[in-house]
Protein chains: 2
Amino acid sequence: MSTDTAQRILDRAQDLMIERGYNAFSYADIAEVVKVSKATIHFHYASKAVLSEQVVRRYREGVMSNLRQLSRQVADAPARLEAYAGYWENCIRTNTAPLCMCALLAAEMLTLPDPVKSEVQAFFRDLEAWLAGTLDDGVRQGALRLPRDSALEAKSLLAVVYGAMLTAHVSRDAAAFAAVVGDAIGRLKAAAPTPSVKKARKRPR
Amino acid sequence: MSTDTAQRILDRAQDLMIERGYNAFSYADIAEVVKVSKATIHFHYASKAVLSEQVVRRYREGVMSNLRQLSRQVADAPARLEAYAGYWENCIRTNTAPLCMCALLAAEMLTLPDPVKSEVQAFFRDLEAWLAGTLDDGVRQGALRLPRDSALEAKSLLAVVYGAMLTAHVSRDAAAFAAVVGDAIGRLKAAAPTPSVKKARKRPR
DNA sequence: GCCAATTAACCTACTAGTTGGTAGAGTGCG
DNA sequence: CGCACTCTACCAACTAGTAGGTTAATTGGC
């Protein structure tokens, strides 16, 4: 079935882009693994730019969908941030994905085709907004205390997570990632802490 | 003169690697600008791996030399950190170098030749050590107060700087870099601040 | 229900251009 | 001379992308 082939091409392209970014993968790489000819890839995706754009768009939508789900499932804002950080710590530790695809693409920004560039920008815009929203939730819950406004704190947290991801990637040190990001989140917790496991009263909104 | 050609090749290779990283520049790109043939580049640098390794090594040595000089010239640790951050803020704002070359190479890590990989690792090792040293200086001077040990704080600061660099690069927003990094440094300043210019007593070790 | 036309999906074989790298022939200088 | 350096001319392998043809399923007219 065709849908299947198109999906499998997209899947493998994503794998390759997570591993190598934009400049270091080729149609031939995909063709080899998916067991189709390069022409088939061109049939489904007119150009490398189009294929890459769709990969990043789907990646972004997937991430944002997961984050929205996380927001629904974990009301407590600090716990939600820790779950987010924990996800990446796990990816790094198990080498599932040692780096967020968009961190890699961000570095390659100047060499990306415009549509891909836009998707990467959208990714960080959305992620930063989610972080800011979660920080606001935490303030409303009385579980977080922000030294600065949530917009700046979200930018800072985003920077810490992606910077820690990058440096941990270089030294292959998942523990360093966990320590740095854990510390950054811990700093935002309200001074009077919920003593570990005592669940904050669950309350809609 | 040959030295001159070799130098010019190295210079231009560095420019290209700062702009595009490892995977998106070619011998032809260099040859065109330096006005020599590709064969000449191969005469001076046997392979792309060797050339890149030397570029990164020189870059690293240059950066570390500048940082040591900064340590000598600016005794006050917070001011030293701010000078370091200010350097990058300027690079980003004026688009001199919108991203540290090693940030880009860190993202490309999995596709780098081994010798280049090692150089990138050495870069971050050295930079982190310099930051830790500066933080220690600040504590000794009474100008900084670290919530955690200097090794972890250095890792955190490194992550903030490189993460902010990456995200600012995506959104082309030097102000965001300055705000995030400035905040991170500000947080480390001792609660009772030296009122701006009062120099801490200079004391060897 | 049957046959012709169309279409989606895929192929092989190719293009033009680029990649890193090499061979070997100058060139100019001490 | 011999040596350091640079060149032209080439290579095989790879790049994204194209041309043109082959299936097999789907559609529409009768």
Side-chain angles (χ1 to χ4, degrees), chain A residues 1-17 19-57 104-105 108-117 119, chain B residues 1-57 101 104-105 108-117 119:
Chain A
M1 194 197 289
S2 90
T3 312
D4 187 56
T5 301
Q7 278 298 314
R8 274 160 52 225
I9 291 169
L10 214 58
D11 291 344
R12 185 52 189 163
Q14 175 168 318
D15 293 346
L16 284 165
M17 287 182 74
E19 191 189 324
R20 312 185 195 170
Y22 178 83
N23 291 305
F25 85 92
S26 76
Y27 270 43
D29 296 328
I30 300 172
E32 191 189 343
V33 179
V34 183
K35 307 284 186 202
V36 292
S37 67
K38 286 188 302 165
T40 299
I41 305 177
H42 276 286
F43 172 78
H44 290 285
Y45 305 96
S47 71
K48 193 181 179 183
V50 167
L51 171 61
S52 305
E53 182 196 358
Q54 295 205 27
V55 167
V56 183
R57 169 170 300 133
L104 222 169
L105 296 178
E108 291 184 304
M109 208 64 178
L110 296 181
T111 58
L112 297 181
D114 283 337
V116 181
K117 237 184 258 191
E119 277 302 322
Chain B
M1 193 198 290
S2 91
T3 314
D4 187 55
T5 300
Q7 277 299 313
R8 275 162 49 226
I9 291 169
L10 214 58
D11 290 344
R12 185 52 188 164
Q14 176 167 316
D15 293 346
L16 284 165
M17 287 180 75
I18 286 174
E19 192 190 322
R20 311 184 196 170
Y22 178 82
N23 290 304
F25 87 94
S26 76
Y27 270 44
D29 295 329
I30 300 172
E32 191 189 343
V33 179
V34 183
K35 308 282 184 203
V36 292
S37 67
K38 286 189 300 166
T40 299
I41 305 176
H42 276 286
F43 173 78
H44 291 285
Y45 306 95
S47 71
K48 192 182 179 184
V50 168
L51 171 61
S52 305
E53 182 195 358
Q54 294 206 27
V55 167
V56 183
R57 170 171 299 132
M101 192 181 78
L104 221 170
L105 295 178
E108 290 184 305
M109 208 65 180
L110 296 181
T111 59
L112 296 181
D114 283 338
V116 181
K117 237 183 258 192
E119 277 301 323

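Proteins come first, then strands; the chains are lettered A, B, ... in the order of their sequence lines, and each starts at number 1. Worth saying up front: this structure is predicted, and the values here are computed from it rather than measured.
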Starting from [atom2] on [N], measure out to [atom1] on [X] and report it in whole angstrom.
| X | N | atom1 | atom2 | result |
| --- | --- | --- | --- | --- |
| B/Leu51 | C/dG20 | CG | P | 10 Å |
| B/Arg8 | D/dT6 | CZ | C1' | 12 Å |
| B/Phe43 | C/dG21 | CZ | P | 16 Å |
| B/Tyr45 | C/dG20 | OH | P | 16 Å |
| A/Lys35 | C/dC11 | NZ | P | 12 Å |
| B/Ile30 | C/dG21 | CD1 | C1' | 14 Å |
| A/Glu32 | D/dC14 | CD | P | 10 Å |

Spatial distance of atom CG (A/Leu104) from atom OG1 (B/Thr111) [nearest 0.5 Å]: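 Between A/Leu104 CG and B/Thr111 OG1, I get 7.5 Å after rounding to 0.5 Å.
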How would you list, by chain and number, every residue that makes a ring pair (Phe, Tyr, Trp, His ring centres under 6.0 Å) with A/Tyr27, sequence neighbours excluded? A/His42
Residues 11-19 of chain B side chain polar contacts: donor-acceptor under 3.5 Å, at least two apart:
unit_1  : atom_1 : unit_2  : atom_2 : d
B/Asp11 : OD1    : B/Arg58 : NH1    : 2.9
B/Asp11 : OD1    : B/Arg58 : NH2    : 3.1
B/Gln14 : OE1    : B/Arg58 : NH2    : 3.2

When you compare the side chain of [Y] with that of [X], does any pair of heavy atoms fall below 4.5 Å?
| X | Y | result |
| --- | --- | --- |
| B/Glu108 | A/Glu108 | yes |
| B/Ser37 | B/Phe43 | no |
| A/Ile30 | A/Leu51 | yes |
| B/Asn23 | A/Tyr22 | no |
| B/Arg20 | B/Asp29 | yes |
| B/Leu10 | B/Gln54 | yes |

Just N and O in the side chain of A/Ser37: are any of them under 4.0 Å from OP1 or OP2 of C/dC11?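 Yes, such a contact exists.
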Does C/dA8 have OP1 or OP2 sitting under 4.0 Å from an N or O in the side chain of A/His44? no
Closest nucleotide among D/dT6, D/dG17, C/dG20 to the B/Thr5 side chain: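 Of the options given, the side chain of B/Thr5 lies nearest D/dT6.
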Provide the closest heavy-atom pair for B/Val36 versus B/Thr5 in the form atom of the first, atom of the second, distance.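 For B/Val36 versus B/Thr5, the nearest heavy atoms are CG1-CG2, 4.1 Å.
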Restricting both atoms to N or O, compile the protein contacts to nucleotides 25-30 of chain C shorter than 3.5 Å, with distance only.
none

Nucleic acid contacts - residues 20-28 of chain B versus DNA chain C, non-hydrogen atoms under 4.0 Å: B/Phe25, B/Ser26, B/Tyr27, B/Ala28
Can you check nucleotides 18-27 of chain D for protein contacts, nitrogen or oxygen pairs under 3.5 Å, and list what you find?
none

Applying salt bridge (charged side-chain N to carboxylate O under 4.0 Å, His left out), name anything that partners A/Lys117, two or more places apart in sequence or on another chain.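 Salt bridge (charged side-chain N to carboxylate O under 4.0 Å, His left out) check on A/Lys117 returns A/Asp114.
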